[in-house]
Q: 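Got a structure here, written out as structure tokens. Questions coming.
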Amino acid sequence: MAKALMIDYEYCTGCHTCEVACRKSLGLDSGQFGIHILKDGPRQIEGTKKWELNYLPVPTSLCDLCAERSEKGMDASCAHHCPTHCLVVGNVEDLAIEVGKKANRALFVPLA
Amino acid sequence: MTTDYYKKHWDEVEWQDGDYTVTRTTAWSAPGCHDGCGVLYYTKDGKLEKVEGDPKNPFNRGSLCMRCVMMPEVVNNPERLKKPLKRVGERGENKWEEISIDEALDIIEEKVRAIWRDYGPESIAVHIGTGRDNNDVIPRMAYCAFGTPNFSMGYLAGDSCFCPRSASMASTNGDFMIADMSQQFENRYDEKSTEWRCPEVIVNWGCNAVVSNSDNFFGHWIVDCMQRGAKMITIDPGLTWLAARSDYWLRVRPGTDCALAMAMIHVIAEEGLEDKDFVSKWCYGFDELVERCEPWTPERAAEVCWVDADKIREAARMYANANNAAIQWGLKVDQTTNATATANAINALWTITGNVDVPGGNIIIRNAFSQNLSYGYGWHSLSPEVQAKRLGSEFPLMSRAGYSSSAHADSVLKAIETSEPYPIRMVWMSATNPIANMGADAPRLYRALKTVDFVVVHDVSLTPTAVAFADLVIPAAMSPERNSQRCWWVPHRTMKKVCDSGECYSDTNIATLVGRRLKPENWPWEDEVGWINNILSTESDEKIPYRNFEDACKQVWAYPEFQYRKYEKGLLRFDGQPGFNTPTGRIELFNTNMMLWGYDPLPEHKEPSCSPVSNPELAEKYPLVLTTGARSFEFFHSEQRHAHLTSRELHPQPKVEMSVKAAADRGIKEGDWVWIENQRGRCRQIATISLALDDRVVRAEHGWWFPEAEAAEPNLFGVFNSNINNLTPQCENGDTGFGAPYANQLCEIYKCTEENSQDLPSTHVTRKDGYSKEMDETNGDVKVGVVYNG
Amino acid sequence: MANALLIDYEYCTGCHACEVSCKKEKNLARGQWGIKILTDGPRELPDDKWEFNNIPMPTSLCDLCAERLESGKDPSCVHNCPANCMQFGTVEEMSKEVAKKGNRVIFVPVV
Amino acid sequence: MAEKDYFAEHRGQFQWEDGDYTVTRTTVWSGPGCHDGCGVLYYTKDGKLEKVEGDPDCAYNQGTLCMRCLEMPEVVNNPRRPSKPLKRAGERGEDKWDEITWDEAYDIIEAKVREIWRDYAPESIACMIGTGRANCWQIPYMCYSAFGSPNFCLGFLSGESCFQPRSAAMASMSGDFFIADCSQQFESRYDEENTEWRCPELIINWGCNAVESNSDNFYGGWIVDCMQRGSKMITVDPSLTWLASRSEIWLRLRPGTDGALAMAMLNVMIKEDIYDHDFVEKWCYGFDELAERVKEWTPARAAEICWVDEADIVAAARMYAGAKNAAMQWGLPIDQAVMGIPTAQALNALWALTGNIDNPGGNIVIRNAFDQNVSYNYGYNNLPAEVQAKRIGAEYPLMSKAGFSSTAHSDSILQAIETGKPYPIRMLWLTSTNPIANMASDAPRVYRALKTLDFVVVNDLFLTPTAVAFADLFLPAAMSPERDMQRVWWVPLRGMKKVCQYGECKSDDTIVTEIGKRLHPENFPWNNDQEWTDNILRTETPGYDGGYHELVERDIWVYPGFQYYKHEKGLLRADGQPGFSTPSGRIELWNTVFSLWGYDPLPDWAEPSNSPYSSPELYEKYPFVLTTGARHIEFFHSEHRQPELTSRELYPDPCFEMSPKSAADLDIKEGDWCWLENHRGRCRQKLRINPTLDDRVVRADHGWWFPEKDAAEPSLYGVFDSNINNLLPQCENGVTGYGAPYKNQLCKVYKCTEENSKEMPSICVSTKDGYSKAMDESNGDVKVGAIYNG
């Protein structure tokens, strides 16, 4: 069953925890990312005082959704350490129900 | 896809949607490129408000690139030309007076008749840009209205856009080849109802198709094939998106494609990977080719091309071992003096691997319903003596073989400069902006065109070319403002006019008006629909399902029947025999035509004239290898440059790409304005830093002018300030007359400072007679003079 | 049941078609975006490979083209994507789709 | 979630094997990293720390961590760490050292102290720490109980302007400390069934970007947890933080005007009568006087001063007052202003007027777990009264008499070093503080002063600029995983288990014990850090019945009980009566203690000394309002600067921020190195354009030194080159001695060029006697002299 990474990007503060946790867990060198935070904004929304600023952690080709950790009964390292708990790894069906419950959520399937 | 909206209207070509009228048709430049995508125009009281891709049209299947999506912005651009203009001030003062079309036609008629009387029709030169509206309408006006043989591109040195490749293919195979993405079938990628098979490997050779959508090739077809399993090899100096997803990215030194192709042939022959059956049955000169490529080991090519040897070897094997593979090639093959040889070498690759006219290989393609109107349309209305006077007729490949019969642009320039063999008194330019885009050595071109007695510019907006030279400016109609029909390979398409063109004139309209004033007998129709009906009934074979524009509009497009392996079925040669349209009936790896005309029949690598290898002292002063003209999503050449358009929002300034080290060594940072300079001139663009470029290579952009800037001289929309063609030469072509070194020069780059930017190129060119160069009489080329006193 | 936007970002070339068609559809001013392409890379990977992914991300202005949906059309970004790598449907449908292959993401910009 | 649950299997275990890893469940304390005390799992292999993970069972951080703890192994195992005590071999600043044994080091220290006791007096020894390193009581205890000196304070942090001004204001107004209620006082978090906690309807982020700073025992993620449970937000910050982008109202105030804004919000609440009448009548004192004071603080006036829309001020006041329960999380900008204390009073009045006092989801009264109140006053009672009276800064009652946070006054210690008044300082002990890189404003002045000291000991993790510049002795300090200890800061009581050892590093507890036994053995009835920890647990932690092993190896953390509305239940006052432990038993909006000591009892606000309105001529020359020290997740103050750390990869260079328009006006671009300069000095940082800033505001980084640069003087790790403290004053404090204008100065910005960068600040300070300033005897402050001759 395909596994997926759900991100509630409304609450992602761009704090780099997932990037560093992933790098340590996969033992990557500096400059390498298993998950990488992309940024949209800051941009003032026309005619309002609102500002658009969203971060989106994106799994890269090095991401294996922490297969090894999940065998040991652990969450993926990024999900485990995210200070706002906005990352969840699980089966696509379970997360499919979750992702629809609230706006500003994304569901990544990095590898088949 | 919840597309029942489109299912509901599947069989209609026009319907009401609220207060919108929706019209199903196709688009053709301007604005946007010459791919002829299927569109749905949404108009409200005659104004174009929205453009959508037409899901029913097999060419683009509902999607569009951003250039068509933003079309309403360009069509409704308030800065567009609306009325014919007559120059009142001096050339370059940008002072105009609005006149009627009749007044304009009177002036043109009077001028033409005076030239007929005092000089001869050949003293009129007619130019177009890259395949605007139709690329057969203006040539016919040249031949059948002005009576001149001198039609060519707008000073595109060596006609180095697709002509060298098409001349090479025509002379080697007798036909043209394109990568098979099932674009010749109405039901796309359908391995059940068509013989099409997805290519196992696609080679992107100097072509970033997803960005350029080049020559009737919708770049994202490659992505469709990727989604169906195609792997890729990419040959490009820069890391494109396609390169990042390729099994092999060969980061080739600009201008050395021929060496790379010959090394790949070397590997294929040495390891016996060629398709022996196809070579023995359908090729001529395989042994000579192999012998010529024998010295081109991957190790030697690695030296020349700056790509490591085993990558060349592995890429060649991957290509050869694939049971079907397609090569999609681009302009960088044409834009070198060694263009024809390079094209021959790459043509040989798909030949010796048997990827000829096979599903998922390089298929032989012909225009739908054999409607072969092109630069030769109306040529035979000229008498043989006038035909013989065509400038550049000394280049047999261009004229005698009739492959793509146009005058030789470089020779037209020299004729203007020297009046040899005869003076050029009038220049007509339709939808071409040479000093901003096509014309190499723009300052030299600027000086030459200033001397022409009478210049007419017919374009969509007031361009630097119009302001600098035009005595008369005629506004051109855009795609949704004209009725038209077109085929480039397949399918045959119609373009339905959906909004009022006001006093803008489509190519067909203006040609008809001019033609009926000068040689009415050649123009037996009143308007564009009349001409279309003539073409549909007389210039297309009987299989075409409609014979007039009205019926054509009901179908919008029509696909001719397509067969693979036509050479086996006698479908290529005039005599109906199996084989190819060549003297030997085979694909001539050893090109007998070229041998006949004294050219080298086999490919051979030639160093570009300005390269670290061929010219070390020049490389001392200008150490960086410069390639130019890589495409961007936002623009079609020098179009879409107005500041308020979405294209400029996404791509505000001209960019030159250089490596991290190259920038650091010169104290240059991302976003710095920098001068790009060589022995001919300089221009300034903004440095962008690339992690993936070779430290010795830089990539500059083309086509930049700034409509928001001052139009009158000396500024001239800042046309010379960022113009990379200040650095490229005219009149340096291959021995066949084709090819020019646009994409392989040398340069140095240094940061703009206040001191070194006092004298901007536009002022320097328009006020101080350009970069000070003397003419070199011997070959008409430019002696390498003092760079500039800037 | 919420709707979702699926993007097969293995094939997104970053060609801006979605951004511009959305701008036109919603008539957004300069500097405003209903969907924005975010790019990861190019970044060299160890074995001479390159990481280079484009991911169009809906912004707070995205309402999944509610108006177009009523008239039986896809959102304008999905409609115009030259790489056909965008799909639209209910979260349930798109979740089945997303599971079929790697390098895919579904967004639920509005509920 | 995974079927098998690794963490469920090990719940309750303190230590277990996992393959060839030993996993230890404990908590951390800075250095490296901040002072939040998160729960972690250390993975060690043959005694070496290899991995750190968040402990899902620890209620504080619930398994999550910020990147500083995740990269801890890189810092702990960093080869740059000295592993042995070092004795200075060359001149100060030459960075020449001899490795010596701990006994030799202690011999030197003992001899020096006894010599000072003999020739001068114990008070001529000063001890300083950074921000709450290891623990905050060991070094004070050493200062009082080993050296016998009263002069303990923070490392030249002018006006003690980190948390102390706020804590002094709270303590004096309300008798206790308040924090935002995110259920951190309960072991079952956010649990509205089993605890009385209710999610705050509204959270105000006042000058605190918690998600990046994780300030004073407050884990930023908690705010997002509350957001996910419905909390709305208001953010007060000069720049759009992530929290601001998600706030209902973002008040982009001028740096240094927090007080004016707070006064205006009080004005709105009182004028519109939307404050909590019941609470004010029952529990507040001096409401009428407060109302009178804020009368002229209209929102219109504050809008002028704070550069914020009047409507937003009114809306914010209404939203805060209207919320059922609202919590305020405030930060350093309040302390780092001369008007620090009055501003803190105004904010304290805000939550009093709205009744958000000790209510679920409001600002709760919080005390250290199990009443373990060992802090800066630990061991102070071992000093005789006459010695206590000699403490420098004793003239500031708030600091000494009221015992609120009894430290010496660091500005006064600086003046004592410079002038020898009231008595000379002969010896300085610095533990885990790097003043000339981080805390010390007017770093060049502090540099000059410390050079004159007779004997300096630096006890830190790395050889810092402070160590190289001044240390006669360097003692390598143990890091978090190398120490056995315990800690409370509010709640819970935590244990820290030593799991690895680096060279001969020793923990603060061990060093202090070993020195203490040599000088005043009677005050040190324990032998090492475990025993001292055990002693504190058994003698200073009345509510906890266990020692070192019970806490560190069994409980790991322990939560005391918590009650809301303690003032109603007589749980606050020593006499058990309802009310607050203030003279009036109420929250003193009119502060009786302040009036006793001649301070203004009511909140107030005044322009900073350097501002557009208070010093227009200065503003003429230095047209930007400068704020400094905004936190970045990558660093904890001047830590994590080693170039090979992930922190430096993600944040390589010191950056200042400016608006796009201001950058354009100055013709500087993203990434340009620029000088930031005012009348005191200058430093250079890289421009990072921030589109959300007011055009008149500039934000600069703090704490920058470069371990990769040459350590010896004059470079001194480039400590002065990018040091924003070159521009800040010492000895400019509030009347109470608290507060200093770190975050509200003026400056100008100009691009670095070769000419204006010939003499770098490090050279200018360390070889040319710093920025040439004359001392002003009168108030010991620095006269505004010639800037510098650079």
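Chain naming here is simple, since letters A, B, ... match the order of the sequence lines and numbering starts at 1 in each.
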Q: Enumerate, by atom name, each donor-acceptor pair separated by under 3.5 Å where one atom lies in chain D and the other in chain B.
A:
from     : atom 1 : to       : atom 2 : distance (Å)
D:Lys669 : NZ     : B:Asp672 : OD1    : 2.6
D:Asp672 : OD1    : B:Lys669 : NZ     : 2.4

Q: Listed by chain and number, what are the side-chain contact (heavy atoms from CB on, under 4.5 Å) partners of D:Pro652, not counting sequence neighbours?
A: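 Listed in chain order: nothing, the list is empty.
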
Q: List in chain and number order the residues that pass side-chain hydrogen bond (donor to acceptor under 3.5 Å, both in side chains) with D:Thr241, two or more places apart in sequence or in another chain; answer none if no residue qualifies.
A: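 D:Thr241 satisfies side-chain hydrogen bond (donor to acceptor under 3.5 Å, both in side chains) with no residue once adjacent residues are dropped.
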
Q: List in chain and number order the residues that pass ring pair (Phe, Tyr, Trp, His ring centres under 6.0 Å) with D:His640, two or more places apart in sequence or in another chain; answer none if no residue qualifies.
A: none

